[in-house]
Each structure stands twice: as C-alpha cells, then as structure tokens.
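Right, one structure below, let's go through it.
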Amino acid sequence: ARAKEFDVILVHKFDRFARNDYDFIVYEKELEDLGIIVESVSEPGDASTPAGYIGRRMMQVISTWYSKNLAIEVKKGMQKKVEIGGWPKPAPFGYVNRHDKNSAWIEVEPQKGSFVTQAFKEMATGKWTLEEWADHAYSLGYRGRHANKIRKTTWSNIFHNRFYLGETWLKRGDIPIKGSHEPLVDEVTFAQVQQVLADHDKHRQRIRRHRYLLKGLVYSLDADSTCWAETHPKKKASYYRSREEVNGAHIFYNTKDIESQLPEVIEAITIDSEARQDLRKELV
C-alpha cells in the first residue's frame, strides 16, 4: 500500500481484515491516508457516507465481540473437557490424539508409550544424565514430532510431566486431577525420577560456579568464529569452545589459560596519568 502498488484491499468479510478495534481503526485510517480503499464482498457499503460509516463501525464492533466471546467459549469448553478427565491439547510424546464424529480422546502409542515407561525406570536408577539419555534414545531410533532428535530439555519436560501419571489440567498452576488416559509411570518411580533430577540440578550448580570473565567476548582465530563458554560435568573443567569446527572438531580453550592473560592485556591498554592529561588537553 505504501508503495502504491494497488488501490483496493478486498476481503470476504470485515472480520477477515481485523477483529481488534484498535487494529481495524488504525490500519483503515492509514490506508485511507494512502488513498487505499478497504471493501468487503459480502458486506458492501460506502464508508464515506454517514450511513456507510456507522454500518462499518457496527460490523467492526460485532466482529470484536465475536472474537472475545469465542475465546471465552473455547476456554469454557477446554475447562469442561478437563473436568471430565480429558486433555484439550496435543498429546505428549508416548500418546496420540484420537477422535470420531462425537468425541476426542488420548491413547497410548504402543511403541513410544512403552519406551516412555522404560525411560522413567532407567532414569530412576540414577545412572543416566539427561544428555546421556537423550543420546541413548536417539541411538535407538526415537525421534520427536518432526523426526528430529529429542533434546535433553525435552526429556527433562517429559520426566517432570505429571500427565504420565494419568493426571490432567488446563493451565500451569492448576491442581491436577485424575485423567481418563492410561498412565505410563507409577507414583513411586515418578518420585524417584524427581529426586534424581533434583540431585543433578544440585550437582550442576556446584560445577557451574565458575564465572566466565570473557563470556561472549572470546573469538577463535583458529576456527574464525566466536566461542561458547561451557563446563564439562565429568571432567569438572571450564573452557571456551569455538562455535565453528575445524576439520570436523571444535577448538577448546581452557578458561584458566585464557583468563590468566587478562591482567597483562588490561595493563597493556591502560592509559597512564601523563597520557591521560595529554588526551584531555587535546579533547578540550
């Protein structure tokens, strides 16, 4: 419109143009200033006339009301579904959404569902980290919705998700209630997993006390890239790692080796008092 590439915006109904009062008025006004007309196929009317103007405003108000009312009704429907044990959202990993003409429900996906049960049992032993389990699951051929690797953060969400206990809720913070779907883990195993994950968090906090003095500042000339700041949990070593690879491998720089050079670097670029005075005179 600003490039004057057309003269008219044609919509089926005005609620296809905007369902928000503010958006409708602001964009219609800007388009009007640009000489662009907004017209509706099914709701014709000349907005330049008083009758046309009031008609369009009424249709705008009705569209806004419809949108707000629809949101309330949808939420009420979702809440009602939860109250009878349903799950008004996409099924988590291990389950699948089913529906017919009259209803919708959640079923266990046989292969992935049994693997989730196994995953909880394995994690409860305490012998896996999330990263190790994510790699193990990937090596066994388990993938996410888009055929990608299920990352450790996703596995963390799975292991914390009470849906696998057979519970349901509408939004975060709600008190879960018993759902109509089949649970994939028992209370004891779920509690054991929570303890293992909590212990991992405590361990991670201990090993991440290192303060990366040059986080976001280190640049690798070897890899011609910026560097990540990381800590290796098992080796308890902190380092800067190049984001790009060289011959198929990242370049690692020990934080102690890099940061020990800071005093020398800072000293080299520090302006002494005499030079400071000279610079001040020049600037004045």
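Numbers here simply count residues along the sequence, with the first being 1.
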_Over 12 foreign heavy atoms within 6.0 Å of OH, Y138_ = no
*Examine Y66 and V11 and state if one hydrophobic cluster contains both, with Ile, Leu, Val, Met, Phe, Trp and Tyr joined whenever side-chain heavy atoms are less than 4.5 Å apart.*
no
*Answer yes or no: is there a donor N or O on one side and an acceptor on the other, between the side chain of E107 and the main chain of N97, under 3.5 Å?*
no
*Would you sort out whether F190 and Q194 count as a side chain to side chain contact (heavy atoms under 4.5 Å, CB included), showing the intermediate values?*
CA-CA 6 Å; F190 188 86; Q194 305 316 299; 3.4 Å; yes
*Flag the pair L262 / L213 as yes when at least one side-chain heavy-atom distance between them is below 4.5 Å, and no otherwise.*
yes
*Should we count CD1 of I271 as having more than 12 external heavy atoms under 6.0 Å?*
no
*Locate the shortest heavy-atom distance separating P88 from L170; write the atom from each residue and the value.*
CG-CD1, 4.0 Å
*Would you call D135-K149 a salt bridge at under 4.0 Å N-O?*
yes
*Going through the checks in order, is the side chain to side chain contact (heavy atoms under 4.5 Å, CB included) test met by T117 and V185?*
CA-CA 6 Å; T117 301; V185 61; 6.0 Å; no
*Verify the neighbour count for atom NZ of K4: are there more than 12 heavy atoms of other residues, nucleotides or ligands below 6.0 Å?*
yes
*Excluding sequence neighbours, so at least two apart, what forms ring pair (Phe, Tyr, Trp, His ring centres under 6.0 Å) with Y164?*
Y95, F120
*Can you tell me if S242 uses its side chain to pair, donor with acceptor, with the backbone of I251 under 3.5 Å?*
yes
*Got a second to check how far M59's CE is from T64's OG1, nearest 0.5 Å?*
12.5 Å
*Would a hydrophobic clustering, with Ile, Leu, Val, Met, Phe, Trp and Tyr connected at side-chain separations under 4.5 Å, put I106 with V82?*
no
*asked:* Would you say CZ of F252 has more than 12 non-hydrogen atoms from neighbouring residues, nucleotides or ligands within 6.0 angstrom?
replied: yes
*Group every Ile, Leu, Val, Met, Phe, Trp and Tyr by side-chain heavy-atom contacts under 4.5 Å, then state whether F14 and I54 land in the same group.*
no
*Single-linkage hydrophobic cluster F24~I36, side-chain heavy atoms < 4.5 angstrom*: yes
*asked:* Counting only heavy atoms from other residues, nucleotides and ligands, does the tally under 6.0 Å from CD1 of I175 exceed 12?
replied: no
*Just how far is it from atom OG of S40 to atom CD1 of I9, taken to the nearest 0.5 Å?*
13.0 Å
*asked:* Going by side chain to side chain donor-acceptor pair (under 3.5 Å), name the pairs with one or both residues in residues 27-38, residues two or more places apart or in two chains.
replied: R2-E30, E28-R56, E28-R57, K29-D33
*Sub-3.5 Å donor-acceptor pair from the side chain of D174 to the main-chain atoms of P176, do we have one?*
no
*Results of ring pair (Phe, Tyr, Trp, His ring centres under 6.0 Å) for H136 - residues two or more places apart only*: W128, W133
*Only counting residues at least two apart or in another chain, list the ones meeting ring pair (Phe, Tyr, Trp, His ring centres under 6.0 Å) with W169.*
W87
*Enter the distance from L70:CG to K75:NZ here, rounded to the nearest 0.5 Å.*
14.0 Å
*Look at atom NZ of K13 and say whether more than 12 heavy atoms of other residues, nucleotides or ligands are closer to it than 6.0 Å.*
no
In a table with atom names and distances, give each donor-acceptor pair under 3.5 Å that connects a side chain of residues 220-229 to protein atoms at least two apart or in another chain.
residue, atom, partner, partner atom, Å
S220, OG, D222, N, 3.4
S220, OG, A223, N, 3.0
S220, OG, Y253, OH, 2.7
D222, OD2, Y253, OH, 2.6
D224, OD1, Y219, OH, 2.5
S225, OG, R243, N, 3.3
S225, OG, E244, N, 3.2
T226, OG1, R243, NE, 3.3

*Taking the side chain as every heavy atom from C-beta outward, state whether K127 and E122 have any pair of such atoms under 4.5 Å apart.*
yes
_Minimum side-chain heavy-atom gap V96-K112 below 4.5 Å_ = no
*Indicate yes or no for a side-chain donor-acceptor contact from Q277 to the backbone of S273 under 3.5 Å, with no hydrogens or angles considered.*
no
*Distance from M123 atom CE to I158 atom CD1, nearest 0.5 Å?*
10.0 Å
*Side chain of S238, backbone of T231: donor and acceptor closer than 3.5 Å?*
no
*asked:* When you measure from the side chain of T154 to the backbone of I150, do you find a donor-acceptor pair of N or O atoms at a distance under 3.5 Å?
replied: no
*Under 6.0 Å from the OH atom of Y22, do we count more than 12 heavy atoms belonging to anything else shown?*
no
*Do any pairs count as a side chain to side chain donor-acceptor pair (under 3.5 Å) and have a residue in residues 176-186, sequence neighbours left out, and if so which ones?*
D186-T189
*Would you kindly confirm whether L197 and F93 end up in one hydrophobic cluster when ILVMFWY residues are joined by side chain heavy atoms under 4.5 Å apart?*
yes
*Does any N or O in the side chain of Y240 come within less than 3.5 Å of the main-chain N or O of L214, such that one atom is a donor and the other an acceptor?*
yes
_Residue pair E187, L165: steps toward the side chain to side chain contact (heavy atoms under 4.5 Å, CB included) verdict_ = CA-CA 7 Å; E187 288 278 3; L165 282 169; 4.0 Å; yes
*asked:* Tell me whether the count of non-hydrogen atoms from other residues, nucleotides or ligands lying under 6.0 Å of CD in E73 goes above 12.
replied: yes
*F159 vs L130, side chain to side chain contact (heavy atoms under 4.5 Å, CB included): CA-CA, chis, key distance, verdict*: CA-CA 10 Å; F159 290 133; L130 284 171; 3.7 Å; yes
_Quick check for you: to the nearest 0.5 Å, what is the distance between S156 atom OG and E131 atom CD?_
13.0 Å
_Using only atom types and a distance under 3.5 Å, with no angle test, would you say the side chain of E230 pairs donor to acceptor with the backbone of R241?_
no
*Value rounded to 0.5 Å, distance of CZ in F115 from CD in E109*: 13.0 Å
